[in-house]
Each structure stands twice: as structure tokens, then as C-alpha cells.
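Worksheet for the structure shown next.
Quantities reported herein were computed from a predicted structural model and do not represent experimental measurements. Here is the naming used below: chain letters follow the sequence lines, and residue numbers restart at 1 for every chain.
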Amino acid sequence: MKFSSSYEPGEFEADIYAAWESSGVFAPSVLTVPVDNDGDGVDDRFEKPEDRDVYSIVMPPPNANGNLHIGHGLTIALEDSLTRYYRLHGKSTWYVPGADHAGFETWVVYEKTLEKEGHTRFEYDRDELYARVWDFVAMQRGNMELQLRALGASCSWKDLTFTLDENVIDRVYTTFEKMWNDGMIYRGEKLVNYCPKHQTAFADIEVEHVDEKGTLWDIAYTYDGGEIIVSTTRPETLFGDVAVAVNPEDKRFKKLVGKTVKLPLADREIPIIADEHADPEYGTGAVKITPAHDFDDFEVGERHNLPRIQVISEDGHMVNVPEEYFGLTPLECRKKVLKDLEAAGLLRGEKEIEHAVAHCYKCGTVIEPMLKEQWFVDVKKLASTAIEHLDAGEIKFYPENKQKVLVNYLKGLKDWNISRQIPWGIAIPMFRKADPGATDEPDWIFDRRTNLKEIEKSGVKYVRDEDTFDTWFSSSHWPIVCTDWSEDNPTPYYPLDVMETGADLLFAWVARMIMMGVYLTGGVPFREVYLHGMVLDAHGKKMSKSKGNVINPMDLVAKYGSDAFRLGIIRGRSAGMNQAFSENSVIAGRNLCNKLWNISRLIQNIIDEESGNSDASSDYTNDNTGEDWICREISKCVKQVESCMEGYRFAEAMDILYSTIWDKYADWFIESQKIYRNVPLLKKSLETLLIVLHPFAPFVTETIWQNLSWTNGMIINAKWPTKLEYDPITAGQFESLMAVVSEVRGTLAGLPGANKGKKYALLYDNDSLVEDNLLLIKSLTKVPAVTALDGAPRGLRLALNNHELYLDVPENVVTEYREALTEKILIVGKELDALNARLMNPSYVERAPAYLVKETRDGVEEKSALIERLKQQLELI
RNA sequence: GGAUUCUUAGCUCAGUUGGCUAGAGCGCACGAUUCACAUUCGUGAGGUCACAGGUUCGAAUCCUGUAGAAUCCACCA
């Protein structure tokens, strides 16, 4: 087999992925695990999750017609590592890939291309637009899926779920119908966040609040014998005022409550009312009430049963206003109103203030609160049931604190506006009676035939609602639709083992999946939630196109390989934390892959040289120095990786693997095997490390596996290793040897002056550890010779270890070394003092655990002995 | 305004219930090198763990406060 001198990922990755995919290994092997709970001979449910041998996880669907960004790269790296890890454990794993129609995002892109062609959405009806966007998406689709493959995602492609798939729409309609029947859906005229540019409403969560400077104007509203001055940032909405509110506790205005005042610039009287909303401390303490254009005022209006007067239309122009203002944009109107107020002597002051202004998260346009009839979901029950399940600890969160944050959010959750005025989405299956006064039939009926503009029921004509669902409404079904769960067809893959996604989606998505899962299935949709933080640029700044600091994951994959990217993106990352990312960590990953490749190359060379040893790995025995030790270290590594994966500590698992492979396996064990060759152990140990690394670096481990002469099948299907056998005493002895080697190296490198780094022979006196490992020590330290001391000790005594060892350096060099030696004595002396001080403290000796006290005592003994040896050496000079 | 989190080496970050002399990668310095790997090997420098108190035999870790940073939520006209 061929191992070139360095690992070239580009030569292998595509073929390896194709081999996995065509072998069918991505699909789950077990479909049902029936259990007969009550023993009546009929299977009535599936195994409890903790007993089952399946593992399920679904992919947060990337935009179907987009490209993957760095965050997707992280998502895939994490989810695929989990999937592969549990597959190696023999579980039937199901990683369901997805593609998102990305309602609003895609719509914005498509609307731009429409504009470029000189058209607007208003020229077409909904079905036409839907068909056009469908084609538009189909044309661009596929990139994302290729990129998932390039990242090594071992997901079950035949189960790919698109958010507009028929079964998704069916499920959403079924849910909507159920909610409708349960009385949880209502049509309400409410103020919604409305983007005048996109002409659609948004959920609260889709709105971005930005602190901005604004002006607060004081305007006089007059009444017989006086005036009341109100403060407002939006004078143009004055025509929609229906009241002036003052705080009931505010003594200044107490007498005025109940009076009416004249609305400036308009011929209308409005009442002065008392409401807590008015803050005596803010502005003048009196506030105008415009229920149709302000969220607070809307609520005040509800409390006081006030009318709602809409003065800004959905396309952003003034309506229901005096003629001279009609048709102006709100901004034009504001200017004119201010001018006219000033002329009328009613403008009493203005002041700069800072306040939060809502913006469209996509185009930045200021959100206009707009009175609209929309479908709402009553969330009270959904949220409270979800909270019950969360409080019962049915979902474990990583990081832990997110559970509290989520419950807090659910407690304050407002009713959910699910109507969107965008054609690209799932149509709302509701129809309105064409002639409101005609019959006793209901005004609205549920019907799935959203492809029809009109339907007839009981002889009454109904017209469809043209709106579509908020994408989060359908997305909240994701665990259910991906696992194909249904009332009559429960599956062992539901609930999911884990939901992995970005921490920024905790509210928008995770919260809704939980509410929906609990509502529809009676149980939580996943057992655990792992939330990753944002991937920031190398300087800890958010990546954005405008800043030009966006890193494209595919560029890194092309440059360093898929595994390098995966290793790099996971490194140094912990749950929920936004963390910086730089190419350096990818380079470190690439280096590890290359290291492993070369380790394998050397081992294969050794095996090729040892004739007749190309059969599958067999039993091994540890015969030589270092072998028990590496078995111990690998066993330790496997165990630690297991515990890390259980706690979703990916970065830590990787660190452990990195140092085991590099600092232990390559630097010590492989080096020692250049002297002693234990072919069965070489095979076994390499296989073990390859398997344990495979979840993180699937391509290189599989490529090596395929290139080795003795391995069978594919590593993706391998069995997770059990511990390697070793003798702990021998394992410990090797550490003494390592310490000796390190001291020789360190001492040589630290020799003074021109002798720095020069190699001198190592002399030993009556030392079996050294005597038994002459060749190994010579090879590891690169000293010219390791020989028994003849005659009196000479040269430089190695004092750190309790061995009688000397470096055979000339007299003058020893003398020059004196200073370094003195310094060392001082340092060790300080350490000894610290230990002694601890022992002098009676509380410590009394109250600290015995093993610690013993360790301290041992330390004192050790350090004293060391100082003794160092002093002897000094005297020798 | 509220919530959550963070502050550890030049940089990016680990440090699981408090326990010896606080770790890693990258970077840096010095040295090595035909014989698996320069994507290499060896050695080393670099930290009053943001600050101030407290609890404890013992604090990077727990508590309180201060300062700074980030994210999310929020109706301040």
C-alpha cells in the first residue's frame, strides 16, 4: 500500500465519502424496537430512551439554496462527531439532514431579482409567486448538500427533509387544525411589527432594537381655560390620538382627568384619562395615546375601551388625516406638523433623547407598528405545559444555565403572531366567508385546499386567507417530522437524543420545538440540548459581510482538508460561548492529521519489513519497555474521551487525543519501537487510536484504515475499543525512564556557553533501569554512548532523579555549571519551605484529607533528598 | 431597564463537585536534523488567574462589592 510522505486530503476525501454513502452505513440499521409494557402480548410502545440502542439527531436545516457558513461548519462538526461516536458504539444512528425553504430570507433575495427584472410582487398572485420562487430555489439548490458532504456529515440522505415537503405541510395543517379545534388559534386585530418595505408583519423576535438618538417634542393640547403639554417622539401620529393619559397618582393633573382637550391641527376633542402607563417623571408627565400606532398605547386603549384610528397605511402613507397631510410619508408629515404647530404657537420645546427603535432585521427599515388582522396562537397553555416539563428536568441543557433562561422567557411569552404576508411559505389553511352578513355559517373555516382561491361549504362561498405561516411555526415540528413520528406510529427515534443548534436560536426555535413537542406528543422532543456559541473572527469580532471578515468554511476545507477544519473549529470551544476562530487552529488540525498519517506510514513500513505479519491484528503481549505504559495511556485516553463526549466537552476530548497521539504515542512509544518492535501491539494500538479519533477526523482515519495492509472493512463501522491490557508497575517504570531522558536532554541543552546543546556520554553506576535500556536511552537522548562508570564519579551528576547518573563533560564545563546549580538549589529550597510551612500549620494536618497530608510529607522528603544530591554535586565541583 | 455570561501567558482558550509547583495550541527564543513527518525533533522564556473584601486548614474555583466586555430580552412616550 502507498503512504506518500505527507497526507494530501484532497486526494482521498471525495472517494472516501462516496464509499461511505454507497455502502448504506449512513442509514439507521434498526427501525423499530417494540416493547410490550403491560405484558398483554401486544406491543404498545418503544423502549425507554436510556435502554434503547438507537441514537437520533436531526440537523438544523441550512438554507436550501444558500451556501454553508462557518456556523454550519461548527454545527456539522459537532453533530457528526456525536453521530460517528455513537455509531462506533454499535448504536443504530439516525442523523437526519434537512433543507430550509428559509421563508423570509429567500423571499428577500427573490424579490430583489424580481425588482431587477423590473417587476414587483404585486403583479402576481400568490400561487404564481410560489411557483416562481420554487423554480428559483430548485435552480440554485444542491450546493449546500455538496458542502455537507465535503464536511463529512454522515447523515441519512434518503431521509433528507425539506421544510416544504408534503409531509411537513400535512403535519403543520394537522397541528393547526388541532389548535383551531382546541380554541388556541384566534384572529385578532392587533398591533404587529410591520416592515413597510417588505410589507409583512414580524414576530417580536424578528425585530432588532437599536439604541438611537431621537427628539422628544412638547406639544400643547388646549382646553377651555388652559392647556396640557404632552411629550412625543412621533408628532405625525397625532391625528390618530384618541386620548391624553396622565398618571392617576400625579397630583398636577388630578383635576384634569375626565376633561376633554382639543387635538391640535384637527377639529377633534379627546378625553384626558388616568393610566399607570404615564410616567410622571418622564417628559411632561402627560402622554398622547395613539392605539393604532404604538404598542403601549394599544394596551392603554384596550384598558379604556378607546377607538383605534389608523393614520399610516400599509404602504407607508398618511391616511385619515386632514387633506393637506393626506398621502404624505410619515417623515414628510412630521416636518409639516412641526412647522404648523410652531406657527400655531403650540410647540413648546424639544429635547434630544436616546431611545430604542425597532428595525427590520433584514433591511434595517424602521418597524412601523401597524394595526392588522392576523392569526395568533394563544401561548398560555403551550408555555405553561412546556415549563412544567422543563421544571421536571426532562431536558438537560448544555450549558446548564440556558434552562433557566428559557423558562424565564416562556413565562413572559406573548401570544404568537403566525401570519406572514409573504408568498414563499406554507399557506395558512383558513378561508373567510365571502359575504359576511349572508348566513349563520362561521366567518372562518379550516380547509386544507389552499391551492384553491375559493371553496364552497354548505352552499356558502369562502375565500382563502392569502397569508402564509411564520417559518418558526413549521420549524417547531422539526423533531417530529424528521423522525416521522405520528400518533399511530411512534418511533424509537423520538424523542431525539439531542438537539444541537446555535445558542441564538434558544427562543426562536428551541422554545417552540419544546412547546410543540409537548403539545402534540405529550413529551419533550429531545432529551438534551447542546447550544453552541457564535464563531467570531480571530479578534473576537462578529463576522459580517460588511466588515469583510467572513471566513468561508469551504475555503479552509479546500486548503487544509475537511478533518483539519473540523478539528480546528472544535478546538477551544465550549458550550454556549461565543469564541474567536482563526486559521491557526485549522493548521494545528492539519498537522495532527499529517502526524497520524506518518505514524501509520512508519508502522506500515515496519510491518512490511517483518515478513509474514500482514494478517489481521491478533493478540499482543507487552514484552518491551514502554509497551505497558502506552497501553495504560491509551486506555486512559479512551476513558477520558468517553466521559468528555457524554458531557459534550468536544474540545477537551480533542485535546486529550491530540496529546496522546502526539506527545505520548509518537514522541515516546513510536520512538521506542524503533528499538523494540512489537508488531501485534503496533497494530492494536494504532487501530485503537484511529477509531477513537474517527468521530473528529473521519476522513484521514478512514483513509489510513483503507491503506493499512491488515485492516478489514471500514473504520466508520468499527467497534469502539475496550481498554488495552497492561501491567501498572512496568508502566510506571517507564515514566522514570522518561524522566531520566528528559533530564539528560534538559541538562545538555542548558550547558553554559559554547557547550550548549553539545552531546556527551552518559555514565551510570549500578543502575538496572539504565543498564536494561542502554540502546533506548542512547536513541532517545542522542548521546554518543551510555556506559558504566569506571572508577570514581566524574562529570556532571544528574540530580533531579534518584539515579546515579553522570554526564561525562570536561572539568571546565562542570565548573561553569556551578551557577546554574546554585540557582536550582535555591528554587528547590523555596519549594521545600512552602511544603514545610503547610505541615507546620496544625489545622492543615488535622483537617485536610489524609492523602494530601501524606503527599505533602512525601514531597518534603523528596525535595530534601534532591537538595542533598544537588549540594553534593556542588561540593564535587 | 432586566436577564445571562465572561475577564487566566503576547494571541485564542482549557481548568467537572475548592487540594500540592495553574495547562494547551499558536506565537517567541535557543539548539538539532539525510534514514515516518520542517505540516519535523529537543530545550526554554513568559501568568500577584480584572480589582477589593469575605468564607476556609486551603480559593483561579464559593459568597459580596467594584470596574470593564459580550449576548439576549424589553413598551419608556
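- The separation between E652(A) atom CD and rU16(B) atom P is 9 Å, rounded to whole Å.
- Set against rA14(B), rA77(B), rC57(B), the side chain of R847(A) has rC57(B) as its closest nucleotide.
- Counting any heavy atom pair closer than 4.0 Å across all strands shown, E846(A) reaches no nucleic acid atom.
- Among the heavy atoms of the strands lying under 4.0 Å from G285(A) is at least one base atom, whether or not backbone atoms are also near.
- A salt bridge is absent between K639(A) and E642(A); no separation between the charged side-chain nitrogens and carboxylate oxygens falls under 4.0 Å.
- Rounded to the nearest Å, the gap between the P atom of rG19(B) and that of rC62(B) is 11 Å.
- Whole-Å rounding puts the R571(A) CZ to rC11(B) C1' distance at 14 Å.
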Starting from the C-alpha separation in whole Å, work towards a yes-or-no answer on side-chain contact (heavy atoms from CB on, under 4.5 Å) for D241(A) and Y221(A).
CA-CA 11 Å; D241(A) 288 3; Y221(A) 287 29; 2.6 Å; yes
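- Using atom P as the reference point in both rG53(B) and rA59(B), the two lie 14 Å apart (nearest Å).
- Using a 4.0 Å heavy-atom distance criterion, P849(A) is classed as a base contact.
- Between S864(A) and L832(A) there is a side-chain heavy-atom pair separated by less than 4.5 Å.
- Minimum atom distance to the side chain of M577(A) is reached by rA14(B), of the listed rA14(B), rC57(B), rC41(B).
- Among the atoms of the strands shown, base atoms are found under 4.0 Å from some heavy atom of A278(A).
- Among the heavy atoms of the strands lying under 4.0 Å from S5(A) are primed sugar atoms or P, OP1, OP2 only; no base atom is included.
- Across all strands shown, N584(A) has heavy atoms under 4.0 Å from sugar-phosphate atoms exclusively, and none from any base.
- Between the CD1 atom of I777(A) and the P atom of rG42(B) there is a distance of 17 Å, rounded to whole Å.
- Nucleotides rA22(B) and rA9(B) are separated by 14 Å at their P atoms, to the nearest Å.
- Separation of the P atoms belonging to rC41(B) and rC35(B) is 13 Å when rounded to the nearest angstrom.
- Here the separation of rU8(B) from rA24(B), taken at their C1' atoms, is 13 Å to the nearest Å.
- Within 4.0 Å (heavy atoms only), F295(A) reaches no atom of the nucleic acid at all.
- Out of rA36(B), rU4(B), rU71(B), the shortest distance to the side chain of N598(A) is found at rA36(B).
- Summary of the strand contacts: S585(A) and K782(A) both lie near RNA chain B, and taking for each the nucleotide with the nearest heavy atom, the more 5' one is attributed to S585(A).
- Atom name C1', nucleotides rC57(B) and rG18(B): the rounded distance is 12 Å, in whole Å.
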Criterion side-chain hydrogen bond (donor to acceptor under 3.5 Å, both in side chains) on Q604(A) and D608(A), from CA distance to verdict
CA-CA 6 Å; Q604(A) 185 63 56; D608(A) 289 344; 2.9 Å; yes
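- The nucleotide rA45(B) finds no pairing partner, because no Watson-Crick or G-U wobble arrangement with both distances shorter than 3.5 Å includes it.
- As rounded to the nearest Å, rA60(B) and rG68(B) have P atoms that lie 25 Å from one another.
- The cationic atom of R512(A) (NZ for Lys, CZ for Arg) lies less than 6.0 Å from the six-membered ring centre of W416(A) and within 45° of the ring axis.
- If you check the side chains of S643(A) and R649(A), you find a donor sitting under 3.5 Å from an acceptor.
- Nucleotide rC35(B) forms no Watson-Crick or G-U wobble pair with any nucleotide shown, as no partner meets the under 3.5 Å limit on both distances.
- Across all strands shown, H277(A) has heavy atoms under 4.0 Å from base atoms, whether or not it also approaches the sugar-phosphate.
- Using a cutoff of 4.0 Å between basic side-chain nitrogens and carboxylate oxygens, R308(A) and E302(A) are scored as salt-bridged.
- Residue E671(A) is in base contact, counting any heavy-atom pair closer than 4.0 Å across all strands shown.
- Inter-residue side-chain proximity for Y676(A) and L776(A) is flagged as met; some heavy-atom pair is nearer than 4.5 Å.
- Contact check on R234(A) versus E368(A) returns a salt bridge, with a Lys/Arg side-chain nitrogen under 4.0 Å from an Asp/Glu carboxylate oxygen.
- Within 4.0 Å of W662(A), counting heavy atoms only, lie sugar-phosphate atoms of the nucleic acid but no base atom.
- Rounding to whole angstrom units, CG of residue N594(A) and C1' of rU39(B) are separated by 5 Å.
- The side chain of D296(A) has rC76(B) as its nearest neighbour among rC76(B), rG19(B), rA36(B).
- No donor-acceptor contact under 3.5 Å links the side chain of K288(A) to the base of rA77(B).
- In this structure, D294(A) reaches the sugar-phosphate backbone alone: every heavy-atom distance under 4.0 Å involves primed, P, OP1 or OP2 atoms, never a base.
- Base pairing annotation: rU4(B) forms a Watson-Crick or G-U wobble pair with rA70(B), both donor-acceptor distances under 3.5 Å.
- Using the Watson-Crick or G-U wobble rule with both distances under 3.5 Å, rC11(B) pairs with rG25(B).
- In a base pair of the Watson-Crick type (N1 to N3 plus N6-O4 or O6-N4) or a G-U wobble (N1-O2 and O6-N3), with each distance short of 3.5 Å, rU64(B) is matched with rA52(B).
- The distance between atom CG of L536(A) and atom C1' of rU5(B), rounded to the nearest whole Å, is 13 Å.
- For rU39(B), neither phosphate oxygen OP1 nor OP2 lies less than 4.0 angstrom from any side-chain nitrogen or oxygen of R601(A).
- For the pair T233(A) and S574(A), nearest-nucleotide mapping onto RNA chain B gives the more 5' position to S574(A).
- Taking atom P on both nucleotides, rG46(B) is separated from rU34(B) by 32 Å, rounded to a whole Å.
- Computed from coordinates, the K674(A) NZ to rA36(B) P distance equals 5 Å when rounded to whole Å.
- No contact: D504(A) has no heavy atom under 4.0 Å from any strand.
- The base of rU5(B) lies outside donor-acceptor range of the side chain of K402(A), with no N or O pair under 3.5 Å.
- Side-chain N/O atoms of K758(A) include none lying less than 4.0 angstrom from OP1 or OP2 on rG42(B).
- Straight-line distance from the NZ atom of K559(A) to the P atom of rU39(B): 13 Å, rounded to whole Å.
- R745(A) comes within contact range of the sugar-phosphate backbone alone, with a heavy-atom separation under 4.0 Å but no base atom that close.
- Using a 4.0 Å cut-off, no side-chain N or O of S843(A) falls inside it from OP1 or OP2 of rG58(B).
- At whole-Å resolution of the value, CE in M738(A) and P in rG42(B) are 11 Å apart.
- Within 4.0 Å of K414(A), counting heavy atoms only, lie sugar-phosphate atoms of the nucleic acid but no base atom.
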